[in-house]
Amino acid sequence: MTAGGRATDTARRAAELRERIAYHDHRYYVLDDPEISDAEYDELLAELQRIEAEHPELVVPESPTQRVGGAPAASFAPVRHRLPMLSLNNGFAEEDLRAFDRRARERLGREAAAITYMAEPKLDGLAISLFYRDGRLAQAATRGDGETGEDVTGNVRTVRAIPLSLKGAGWPDAFEVRGEVFMRRADFERLNEGLHEAGQRGFMNPRNAAAGSLRQLDPAVTAGRPLSFFAYGPGWVPEDFSLPTRQSAVLDWFADMGIPVCPERSCVRGTEGALAYYREMAERRGELPYDIDGVVFKVDDRADQQRMGFVARAPRWAIAYKFPAEERTTRLLSVDFQVGRTGALTPVARLEPVLVGGVMVSNATLHNMDEVARKDIRIGDRVVVRRAGDVIPEVVGRAGGEREPDTREIVLPDACPECASAIEQEEGKAAVRCTGGLVCPAQRREALRHFVSRKALDIEGFGDKLIEQLVRAGAVSNPAELFSLDAQRLQDFERVGPKSAQNLEEALAQARETTLARFVYALGIREVGEVTARALAGHFGTLEALMQASVEELEAIRDVGPVVARHVSNFFAEPHNREVIDALRRAGVHWPETRPAAERPQPLAGRTYVLTGSLEGMPREEASARLQALGAKVTGSVSGNTTAVIAGENPGSKLAKAEKLGIPVLDAAALEELLHSP
Ligand code: D41
């Protein structure tokens, strides 16, 4: 045989090995039905490695040998998602599912007919976006806040369950797949065993293991972590590419390309079909090779999905029906009172450690003293502890049976346990508060933790331990003072080396550029969460306008009730708060300004709508005029700049275009809402 012929044979063998390895990855990670042992798999991989070592020209980027992990990164680069990664609305009871189905039928005008849903287990992992270009994995990003995630391509390339190149042909030049990265229970247990043997701490549960492994800065570490992946839906696809018309068919198409999808997926009809699926999964939950925390139902027809659109970051056409939270019984050893950001004292139960839903629980909230009284809980009692997903474990109540003889009453302290200030109880309110305000180190600490948190100013590196030290040392007593810290000063603190001090200084520098919504949220005004903060920022446009707003003006904003309006107004009336805000601005914290509301009575400014089909109860011309009066632009053709398409009866091609571009579609009812929102 000629030298050329041998080279060809070797190339052929390498290709065959790559194919066989991909096949076995699929059997293992998708079908949960391996045909060969780990040792046999390792032999295939070793042979391929040998060939590639001798013939480096045969190495291709999508070879399984290339899943070893590249160079460690200093940080993850932000990735802006081409289409936002939405979240799922949750249901917890049969009634929630029935209501979901009823609304879906109403919205689709099909009260009588059963809707087909695609059902699948809800994996307990983390959502990621995969971007394929020319059939090769080009980029992977975490979900992040849904708008912007982190580039974890290096890590994801090490995940054997995720194909580096797609099978078959006919895929678009570029497109995005979304799914969940998770860890199977057996893999998790094996990983923990290995970590323990190496004298390292294991992970609490498979979810933490998956999240911790994916967010490793060193891909070589991720390469040693047995992560799995199932795709749950499409992301961005090119304008001129037609996806299959059904959700279930999209997933079948993914499977054809070698992208793992959950084999438990199934189409069901109506509420009854959905409930039967839920019950079946609840029963089989323990047999599945991975943890699930519920099931997800999605309207299967994608045109129907488009018609239904979404509200506040979650599609109207999907629901996660969660399994009931896990509960265990244990003993209440003692109760401490924790002071929160707003001074509220929360009774925290110290418990005899107990495993609840895979997590060791030794602390749980008792919420407030009214709840303690209502549940008649005493120290020494046996209590029921519940943990659901990521929420803080809570004491649900006293366990059944006779009360032990030696229990003690839970008593509220007469002063703040952190600063000894007086405590007060607002009339008619359960919450008890420390009156120390920002004199109280606990409140300072919590205010700072909130200020630097991800949804606030997102200042990386300021962990609980560092904040605690900063407050104790008197280095920082309010958020503005954070900005007077430099690398030099930060090195004075424990566990802050020169490198991390430099990183902290850079994080502070970056955080100075923010948005008004984040800034308002970061202030930590009582009951102002990110959604309210966004509403306030959007409505007023400038901080000055917001600070001057009257309670009446605030109350008039949608989603702002009288209580929140008062908290906002009180917050800005407080001289100390105004001083901190001034100091923050002097420290260089800034955001893009928009014009104040008074000059901008146009709440829909900057939005572009396209009308199509005949709208119930309103001629299209009228709809157009009213939208424009509120500042919106109304155009005739759908493009990337279109905010939403408003579709009535017999919509036509504009609807299809919107669907391709992933542009939200509103119906007549949603238009009404839009016209009446402030
Ligand atoms: O299994 C899951 N965890 C899962 C998550 C799933 N099966 N389907 C999902 N579908 C969506 C929509 C409907 C928004 C496309 C999801 C998620 N979202 C999701 N996961 C994390 C945030 C959102």
Side-chain angles (χ1 to χ4, degrees), residues 29-30 81-91 97 100 104 115 117-130 140-150 152 161 175-184 205-208 210-211 214 227-237 243 246-248 250-252 254-255 259-268 274 277-278 281 285 288-302 304-323 388-390 454-455 659 662 664-665:
Y29 285 102
V30 184
H81 298 299
R82 293 193 179 197
L83 301 174
M85 285 184 81
L86 302 176
S87 54
L88 280 166
N89 283 324
N90 287 323
L97 186 70
F100 166 74
I115 291 177
Y117 295 106
M118 200 205 72
E120 64 196 336
K122 181 168 187 297
L123 297 157
D124 206 4
L126 58 155
I128 61 159
S129 147
L130 303 178
T142 61
R143 175 170 181 272
D145 63 4
E147 298 284 342
T148 307
E150 290 177 324
V152 288
F175 72 107
E176 187 192 357
V177 177
R178 287 165 178 188
E180 197 89 357
V181 167
F182 60 99
M183 198 178 285
R184 295 166 27 163
N205 52 44
R207 201 206 110 83
N208 288 1
L214 199 65
L227 293 168
S228 290
F229 173 82
F230 282 152
Y232 64 63
W236 179 91
V237 292
L243 279 168
R246 302 200 150 258
Q247 176 83 21
S248 50
V250 174
L251 295 207
D252 292 345
F254 285 167
I259 298 169
V261 286
C262 182
E264 308 298 334
R265 70 192 187 286
S266 165
C267 283
V268 299
Y277 183 88
Y278 172 84
M281 279 301 153
R285 185 179 183 184
L288 297 178
Y290 36 77
D291 283 348
I292 66 174
D293 57 358
V295 293
V296 185
F297 297 106
K298 298 175 185 174
V299 170
D300 196 39
D301 187 308
R302 296 186 62 257
D304 283 348
Q305 292 180 355
Q306 294 293 334
R307 246 167 249 141
M308 293 176 76
F310 55 86
V311 259
R313 322 263 89 218
R316 284 205 183 94
W317 44 265
I319 187 169
Y321 185 3
K322 305 285 271 289
F323 293 137
D390 282 341
R454 203 155 89 154
K455 289 171 180 173
E659 188 177 324
V665 177

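Note that ligands are numbered from 1 as they come in the structure, with each ligand's atoms numbered from 1 the same way. All values below come from the heavy atoms of this structure, side chains included, with hydrogens, waters and symmetry mates left out.
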With a 6.0 Å cut-off (strictly less than), is the heavy-atom count around CZ of Arg82, excluding the residue itself, greater than 12? yes
Test Phe310 against every option in Val665, Leu86, Asn89 by the side-chain contact (heavy atoms from CB on, under 4.5 Å) rule and name the one that passes. Leu86
Quick check on the 6.0 Å ring-centre criterion: do Tyr277 and Tyr117 meet it? no
Taking NZ, NE, NH1 and NH2 as the nitrogens, is one of them in Arg313 or Glu147 under 4.0 Å from a carboxylate oxygen of the other? yes
Answer with yes or no after comparing the ring centroid distance for Tyr278 and Phe323 against a 6.0 Å cut-off, counting only values under it. yes
Write 'none' if nothing qualifies; otherwise put on separate lines each N/O atom of ligand 1 with a protein N/O atom under 3.5 Å away and their distance to 0.1 Å.
residue  : atom   : partner : partner atom : Å
ligand 1 : 1 (O)  : Leu123  : N            : 2.9
ligand 1 : 3 (N)  : Leu123  : O            : 3.1
ligand 1 : 3 (N)  : Glu180  : OE1          : 3.2
ligand 1 : 3 (N)  : Glu180  : OE2          : 3.3
ligand 1 : 7 (N)  : Glu120  : OE2          : 3.1
ligand 1 : 8 (N)  : Lys298  : NZ           : 2.9
ligand 1 : 10 (N) : Lys298  : NZ           : 2.9

For Tyr232, ring-ring contact (aromatic ring centres under 6.0 Å, His included) partners two or more places apart: none
